[in-house]
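FYI, side chains are in, hydrogens and waters are out, and symmetry mates aren't considered; it's all heavy atoms of this structure.
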Amino acid sequence: MRGRLRECKNPPPSRAATVTSMRKLPPKRSWWGGTDNRRAYIAAAAVGMVGMSYAAVPLYRLYCQTTGLGGTTGTGHSSEQIERMKPVRERVIRVTFNADVHSSLQWNFRPQQSEIYVVPGETALAFYKAKNPTDKAIIGISTYNVIPFEAGQYFNKIQCFCFEEQRLNPQEEVDMPVFFYIDPEFAEDPKMANVDLITLSYTFFEAKEGQKLPLPGYQ
């Protein structure tokens, strides 16, 4: 059985207290307004926090993919862009694969290949395998990152299983493909001149309501 694929694409300044004179000044109206306004602000903040907890995974994904924090891979691609890419044959890169499972998840998870060789501007396909050895159905969800972290902005995934809930029935085993490419601009970045090894790493967690995934590189 094949795993499901997914398209991957200041604080406000503090108010410094200013001493104007020694005489008592008339009270000023607070920006909070009256009691009703304060209650409205507090209620709005509470609703916002609840919404943030439900959106934890999408916001995590958007933030990390936009900033490249912790070596998170990029998703900026289109079919036309991929078709126009020109492989940089003189830059051969060894890509290794790592798999981890959080202690809360009773799964077996591993890469099906230890490494492959790619060049910037050329697509590649790799597979992971996951198995639920228990007698109950379990839902997992994964995060990923790239080492070295600076290479994450050039490592683009076209299809993957990350950030999507994966349900495995008792004793079920699935293949999970990762279709990716390294942006040709990798070869033009002076900071990447000595990088010839990249590691793609996945960590699976048990999917639970209100789950907050750790930021890559900051567990």
Quick one: does [X]'s side chain get under 4.5 Å of [Y]'s, heavy atoms only?
| X | Y | result |
| --- | --- | --- |
| Q171 | K131 | yes |
| I82 | T123 | yes |
| P148 | V195 | yes |
| Y181 | M85 | yes |
| E172 | V174 | yes |
| Y128 | F161 | yes |
| D183 | Q81 | yes |
| H102 | E206 | no |

Polar side chain donor-acceptor pair, N98 to Y202, under 3.5 angstrom:
no

Check whether the side chains of Q106 and N132 place a donor and an acceptor atom closer than 3.5 Å, and report yes or no.
no

Would you give the length of the straight line joining atom [atom1] of [X] to atom [atom2] of [Y], rounded to the nearest 0.5 angstrom?
| X | Y | atom1 | atom2 | value |
| --- | --- | --- | --- | --- |
| W107 | E173 | CH2 | CD | 12.0 Å |
| T143 | N145 | OG1 | CG | 7.0 Å |
| M176 | S142 | CE | OG | 7.5 Å |
| F179 | L125 | CZ | CG | 6.5 Å |
| L105 | D100 | CG | CG | 12.0 Å |
| E164 | I141 | CD | CD1 | 7.5 Å |

Output, in order, the C-alpha distance, side-chain angles, deciding distance and verdict of side-chain contact (heavy atoms from CB on, under 4.5 Å) for I198 and V146.
CA-CA 7 Å; I198 293 177; V146 164; 3.5 Å; yes

I93 and side chain to side chain contact (heavy atoms under 4.5 Å, CB included): which partner among I182, L197, V119, I116?
I182

Under 4.5 Å between side-chain heavy atoms, hopping through other hydrophobics if needed: is there a path connecting M192 to V88?
no

The residue among F180, F149, F186 that forms ring pair (Phe, Tyr, Trp, His ring centres under 6.0 Å) with F155 is F180

If you compare all heavy atoms of [X] against all heavy atoms of [Y], which two are closest, and at what distance to 0.1 Å?
| X | Y | result |
| --- | --- | --- |
| D189 | Y154 | OD2-OH, 2.6 Å |
| A193 | R91 | O-NH2, 4.1 Å |
| Q112 | D175 | NE2-OD1, 2.7 Å |
| P184 | G121 | CG-CA, 3.6 Å |

May I ask you to establish whether K157 and Y144 are in a cation-pi arrangement, using a distance under 6.0 Å from NZ or CZ to the six-membered ring centre and at most 45° from the ring axis?
yes

Sequence neighbours excluded, the answer for side-chain contact (heavy atoms from CB on, under 4.5 Å) partners of E115 is R94, T96, Y117

